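To start, the structure itself, in structure tokens.
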Amino acid sequence: MTDFKLIESKWQEYWGEHPEIYNSNGPITNNQDTNNKQLPITNNQTKKKIYVLNEFPYPSGSGLHVGHAFSFVGGDVYARFKRMQGYNVLFPMGWDAFGLPTENYAIKMKRKPQEITRENTDMFRKQMKRLALSYDWDREINTTDPAYYKWTQWIFIQLFKKGLVYKKEMPINWCPSCKIGLANEEVVDGKCERCGSEVSRRNISQWVVKITNYADKLIEGLKETNFIDKVKQSQINWIGKSEGAHIKFSIFNFQFLKDKKNYLEVFTTRPDTLFGVTFMVVAPEHDLVNQIMNNQETNSNNQIEEIKNYVKKARSKSDMERTELNKDKTGVFSGLYAINPVNNKQIPIWISDFVLSSYGTGAIMSVPAHDDRDKDFAKKFGLEIIDVYNEEEKKVINSEFLNGLTKEEAGQKIIKWLEEKYIGERTASYHLRDWIFSRQHYWGEPIPMIHCSKCSMNHNFQFSIFNFQSNSNDKDFNEIQDKLKNYVKKTGIDIRVLENNPGWYPVEEKQLPIVLPEVEAYEPTDDGKSPLSKIEGFIKCKCPVCDKEAIRETDTMPNWAGSDWYYLAYCMATKVNNQLPITKKQTITNNQDTNNIENKLNDVFVDIFSDSKKELEYWGPVDVYIGGDEHNVLHLLYSRFIYQFLWDLGVLPKKNKEPYYKRISHGVILGPDGQRMSKSKGNVIVPEVVADKYGVDVVRMYLMFMGPFDSTMAWNENTLMGVKRFLDKFIKFINNQETNFNKQSKINIASNKEVKLIINKLIKSVSEDLENFKYNTAIAKLMEAINSLSAIQSVGLSEEDIKTLVKLIAPMAPYTAEEMWSQVNEKNGPVSVHLSDWPEVDKKYLVEETVVIAVAVDGKVRGQLIINNVELIISNKDTVINKAKDLEQIKKWIGEGKIVKEIYVPGKMVNIVLR
RNA sequence: GCCGAAGUGGCGGAACUGGCAGACGCGCACGACUCAAAAUCGUGUGGUAGCAAUAUCAUGGGGGUUCGAUUCCCUCCUUCGGCACCA
């Protein structure tokens with residue numbers, strides 16, 4: 001048997017020396033980058049581009065797993081196929097390297113995350129090269145590289161400047177044992193993912209991104225894409241747009257309120273049921289509740305106490321607790337009454353935690369007759385229920401001027417009525433929440449913000465600037481006012497953005513990146529702050545406005561941040577990576593002497609977005625984006641949002657409004673036991689180990705043969721052996737052909753018609769299958785073809801046909817194909833099979849000489865008609881049918897029956913209908 | 001509860017816009033090679049009846065459209081994935 005290890009190392013070395021095999025050149029051809037002169041450099045400007053993207057991995061310490069291998073090989077096969085078809089293919093790879101596992105490992109081993117990341121990425125890269133993944137390594141990027149996250153930070157600043165980021169005190173999931181705030185995805189069943197302790201709630205000041213501003217655009221933009229319905233639908237569901245109305249209800253006894261706000265606004269999707277409102281409910285977090293609790297006059301002391309107790313209890317409940325007990329409604333009467341604008345009825349306002357503060361206005365109008373939750377609540381507390389809709393007749397009832405209308409008509413009419421009176425308006429509400437962007441961890445991009453307590457204290461001064469009042473004699477005030485005015489003028493930041501975040505200013509863009517400093521320990525602090533808060537050298541800085549001492553934000557960004565724009569970074573990778581020479585990158589973390597770094601950075605500072613428009617325009621959008629189902633909602637939505645934002649900012653080419661055109665989700669590979677692979681179950685398959693045993697090509701082909709690319713499949717070594725047998729058979733078959741061909745003094749044999757038919761059918765079907773990511777059937781057809789060709793005891797195959805077979809298998813089995821190519825291709829053609837042209841179908845050989853037509857009587861196949869005259873098949877319906885009727889078997893079935901109908905599907909079948 | 005995907009031999013799975021269901025692979029059985037085993041090669045392989053030709057039943061259940069349905073429509077069941085007190 002052939003020694004696959006020898007072959008693999010031989011070609012790995014060769015490919016390493018010939019990056020032109022997989023390099024993708026942008027609109028500007030980089031001839032000087034190519035050190036090999038034998039090979040022709042194609043003119044990429046005339047080539048059509050295609051951008052194939054695999055989600056970049058998190059380089060964990062355990063290396064490349066089968067899931068990675070599966071999805072990456074899937075992308076690689078497509079990229080190789082497209083390259084051979086003559087496309088200029090961009091197929092890049094990089095590292096989404098910020099994240100908790102590395103941080104935890106660093107804590108445990110007392111090592112630097114930077115170092116661990118370098119080791120892990122080196123390991124991943126090596127494993128990927130072995131798997132023959134044809135990435136353009138010149139474009140490799142790493143989200144933890146300061147040169148990279150400089151731009152992640154830059155994007156954050158742009159969001160801030162546009163008012164799309166704000167600082168907000170909000171409850172987060174808190175693990176009392178790890179003493180750390182957890183992201184939602186780190187909470188599993190209400191427990192901390194790491195230590196398993198019960199998660200509680202804690203208020204922490206967080207940066208929040210207003211993704212909700214883009215809710216409509218994110219729905220709208222899907223039209224520009226070719227995602228499968230499943231993905232589009234889950235994005236739409238996640239955004240969760242509901243159309244309805246805001247309605248203001250006057251508060252009857254509002255004079256008891258401290259702030260004397262005299263109305264309560266609700267959101268409803270059923271304004272048509274307004275006459276059925278019998279009570280209102282506000283969330284415990286609603287502003288109105290605070291006002292009631294601060295006011296002794298509203299109720300008796302007992303009532304106030306009751307309200308306070310209820311609210312306190314509700315606010316301390318975690319989300320889990322609140323939703324888990326959803327059957328049993330709780331609540332307390334607020335002491336206030338509202339007035340229904342349609343009939344001036346006085347209705348009680350209740351407080352209950354079944355109303356969410358984060359949705360709509362945090363308050364609802366309750367129509368117990370037509371909403372299950374309202375009904376539960378009304379029954380429990382003995383509240384009135386008024387029917388306003390007749391289900392059978394589908395008509396509105398008991399609603400004065402709406403009576404007799406349908407839901408929809410009534411909705412239209414009442415909204416118009418409300419709008420005319422300025423007490424309501426048509427609006428929409430979304431399930432999508434603003435995006436909490438702060439993490440109290442070390443291993444993430446530092447958020448490039450500065451807080452000045454001096455300016456913060458002078459918040460009111462800022463406010464007076466907005467009002468253009470300057471009536472103070474305070475020296476400090478006047479000074480800061482002038483500085484702020486200058487600052488606003490210089491940066492173009494809207495004063496209102498600064499007002500919403502008192503004392504917070506973005507780092508000057510020139511000073512980016514804010515590099516993660518090295519710390520002694522990576523454990524979070526007792527108060528839940530990032531370990532960065534302990535580094536004095538990092539925190540201390542100057543206020544960009546008043547120049548006094550200020551402090552840096554010590555929170556870092558979430559994992560999503562780096563992956564929001566990486567598909568853009570690949571297009572301009574050389575520019576991104578070149579900003580910091582590698583040597584500087586390595587030393588940069590050793591101290592926080594930012595001035596020094598700044599100077600170096602300024603030398604290489606280029607505005608990459610504007611400087612790279614050509615590249616972005618040439619490569620964008622991603623034509624095929626391959627990733628896991630688990631990212632079909634969040635990652636896809638977040639990165640689409642950032643793309644749309646950058647597009648609105650004008651830094652992206654106008655032509656593409658969406659980052660990704662097509663989304664393919666890859667399947668999941670289960671262990672041999674049909675269970676999800678996990679160390680604890682001991683069912684983990686390591687691709688490298690399997691490759692050591694059978695060779696990389698066997699692993700690649702097996703992975704592609706297991707089943708449809710997007711389905712869940714269990715690992716099965718027996719099936720893998722089948723693939724191995726096929727590959728051996730394939731090699732043997734080609735080698736035999738070659739020997740024939742050599743024996744006959746290299747005379748080019750012509751393949752016979754039968755062979756030509758098989759080969760050309762194969763080209764057609766393999767091309768179609770690869771195009772549609774139907775790798776399992778593509779391989780099946782190769783198997784079938786080799787089986788049929790082996791069965792033909794003919795003279796042999798022509799050189800061209802042998803080459804065709806090798807080319808067809810090349811995307812899937814690159815080593816084997818390259819080895820065979822080197823043997824077959826002694827005389828002419830490209831040095832590498834991967835630089836050869838994908839074979840074309842020769843239609844003249846596709847015509848079958850004999851055609852078998854099924855003959856059915858009454859829809860049941862009773863016989864077969866073999867036709868040799870091809871002309872006959874297409875042109876002559878009657879002749880074919882008559883021949884069919886002449887068949888002995890068919891005559892038998894027709895018998896005395898009367899023929900009612902005769903159907904002929906050209907080349908396929910005849911159906912004779914009796915009765 | 002809502003949204004989505006999927007149900008085909010012993011198993012993984014094929015079947016283009018409705019046109020011979022089960023391609024390809026695994027497994028199994030028998031045979032060849034072998035002292036023997038493994039590996040390899042060959043033949044067969046949906047169920048039932050039959051020595052056989054052949055017949056008949058079969059794509060989760062039921063119904064419908066059609067000359068003809070794995071494919072289209074309705075309905076029910078099951079499994080998996082996501083969301084979930086969203087007004």
Side-chain angles (χ1 to χ4, degrees), chain A residues 1 228-234 236-238 240-242 244 266-271 273 280-281 283 319 322-329 352-356 358-367 370-374 376-377 429-433 629-630 632-633 665 668 674 702 705-708 710-723 725-726 728-729 732 765 768 772 774 776-787 852-864 889 892 899-915:
Chain A
M1 267 301 99
I228 48 171
D229 271 355
K230 178 172 100 172
V231 177
K232 282 191 184 179
Q233 208 50 52
S234 48
I236 290 169
N237 288 348
W238 188 261
K241 183 176 184 173
S242 311
V266 301
F267 171 74
T268 177
T269 53
R270 294 290 305 276
T273 61
M280 322 246 321
V281 187
D319 283 347
R322 276 202 193 183
T323 53
E324 234 172 30
L325 308 164
N326 63 17
K327 281 159 209 148
D328 198 24
K329 298 266 183 296
S352 172
D353 65 3
F354 87 86
V355 173
L356 306 174
S358 50
Y359 184 74
T361 61
I364 60 164
M365 57 177 230
S366 283
V367 187
H370 306 291
D371 182 284
D372 288 342
R373 294 151 307 185
D374 294 351
D376 288 347
F377 196 84
S429 202
Y430 304 87
H431 292 193
L432 184 69
R433 299 288 143 81
D629 276 337
E630 71 275 19
N632 279 346
V633 177
S665 45
V668 176
Y702 167 60
F705 183 64
M706 286 176 87
D710 59 359
S711 73
T712 305
M713 300 154 293
W715 184 269
N716 182 342
E717 194 120 348
N718 282 327
T719 307
L720 180 139
M721 290 309 292
V723 173
R725 271 195 284 275
F726 164 67
D728 289 342
K729 206 183 204 174
K732 216 164 106 191
S765 51
E768 282 168 7
N772 295 307
K774 292 166 84 174
N776 55 334
T777 52
I779 293 169
K781 279 159 193 165
L782 278 162
M783 289 170 165
E784 201 179 359
I786 295 298
N787 287 346
V852 181
I853 290 172
V855 184
V857 180
D858 278 338
K860 290 202 173 173
V861 178
R862 299 298 183 184
Q864 286 183 333
Q889 319 94 289
K892 194 174 83 192
I899 297 170
V900 183
K901 207 172 182 180
E902 292 161 341
I903 289 144
Y904 174 51
V905 184
K908 289 263 168 68
M909 79 176 310
V910 170
N911 191 9
I912 292 156
V913 186
L914 308 175
R915 262 172 296 115

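Chain letters run A, B, ... following the sequence lines, proteins first, then strands; residues in each count from 1. Values in this document were obtained by computation on a predicted structure and should not be read as measured data. Below, all heavy atoms of this structure are taken into account, side chains as well, without hydrogens, waters or symmetry copies.
- Contact check, Ser242(A) against A87(B): a side-chain N or O comes under 4.0 Å of OP1 or OP2.
- Comparing C67(B), C24(B), G4(B) against the side chain of Val913(A) picks out C67(B) as the nearest.
- No hydrogens or angles considered: a donor-acceptor pair under 3.5 Å links the side chains of Lys729(A) and Asn787(A).
- In the set G19(B), A14(B), G4(B), G19(B) carries the atom at the smallest distance from any side-chain atom of Ile903(A).
- One finds no side-chain N or O of Lys860(A) lying less than 4.0 angstrom from the OP1 or OP2 phosphate oxygen of A58(B).
- Of the candidate nucleotides C26(B), C3(B), G4(B), C26(B) has the atom lying nearest to any side-chain atom of Asn718(A).
- Residue Lys329(A) places a side-chain atom within donor-acceptor reach of the base of C85(B), judged by atom type and a 3.5 Å distance cut-off alone.
- For the OP1/OP2 pair of G4(B) and a distance below 4.0 Å, the side-chain nitrogens and oxygens of Asn632(A) include no atom meeting the criterion.
- In this structure, the nucleotide among G12(B), A87(B), G19(B) sitting nearest to the side chain of Val355(A) is A87(B).
- Listed candidates were G19(B), C24(B), G13(B). Nearest to the side chain of Ser711(A) is G13(B).
- Lys329(A) forms no cation-pi arrangement with Phe377(A), by the criterion of a distance under 6.0 Å to the ring centre and an angle within 45° of the ring axis.
- Between Lys774(A) and A15(B) there is a side-chain polar atom (N or O) within less than 4.0 angstrom of OP1 or OP2.
- For the OP1/OP2 pair of G25(B) and a distance below 4.0 Å, the side-chain nitrogens and oxygens of Arg725(A) include no atom meeting the criterion.
- A sub-4.0 Å separation between OP1 or OP2 of C67(B) and a side-chain N or O of Lys901(A) is present.
- Comparing G25(B), A23(B), A87(B) against the side chain of Ala780(A) picks out A23(B) as the nearest.
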Secondary-structure notation, RNA chain B, from Watson-Crick and G-U pairs under 3.5 angstrom (| other strand): (((((((..(((......[....)))((((((.......))))))((((....))))..(((((..]....))))))))))))....

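- The two atoms that bring Val266(A) and Thr361(A) nearest to each other are CA-OG1, 3.3 Å, heavy atoms only.
- Here the nucleotide nearest the side chain of Gln233(A), chosen from U40(B), C3(B), C85(B), is C3(B).
- You'll find a donor-acceptor pair under 3.5 Å spanning the side chain of Asn911(A) and the base of C67(B), going by distance alone.
- Counting atom types as modelled, Gln864(A) pairs a side-chain N or O with a base atom of C20(B) as donor and acceptor under 3.5 Å.
- With sequence neighbours excluded, the residues satisfying salt bridge (Lys or Arg N to Asp or Glu O under 4.0 Å) with Lys781(A) are Asp769(A).
- At the phosphate of A14(B), OP1 or OP2 sits under 4.0 Å from a side-chain N or O atom of Asn776(A).
- For Arg862(A), a side-chain nitrogen or oxygen approaches OP1 or OP2 of A55(B) to under 4.0 Å.
- In terms of heavy atoms, Arg270(A) sits closest to Met365(A) at O-CE, 3.7 Å.
- The salt bridge (Lys or Arg N to Asp or Glu O under 4.0 Å) search around Asp353(A) returns Lys317(A), not counting sequence neighbours.
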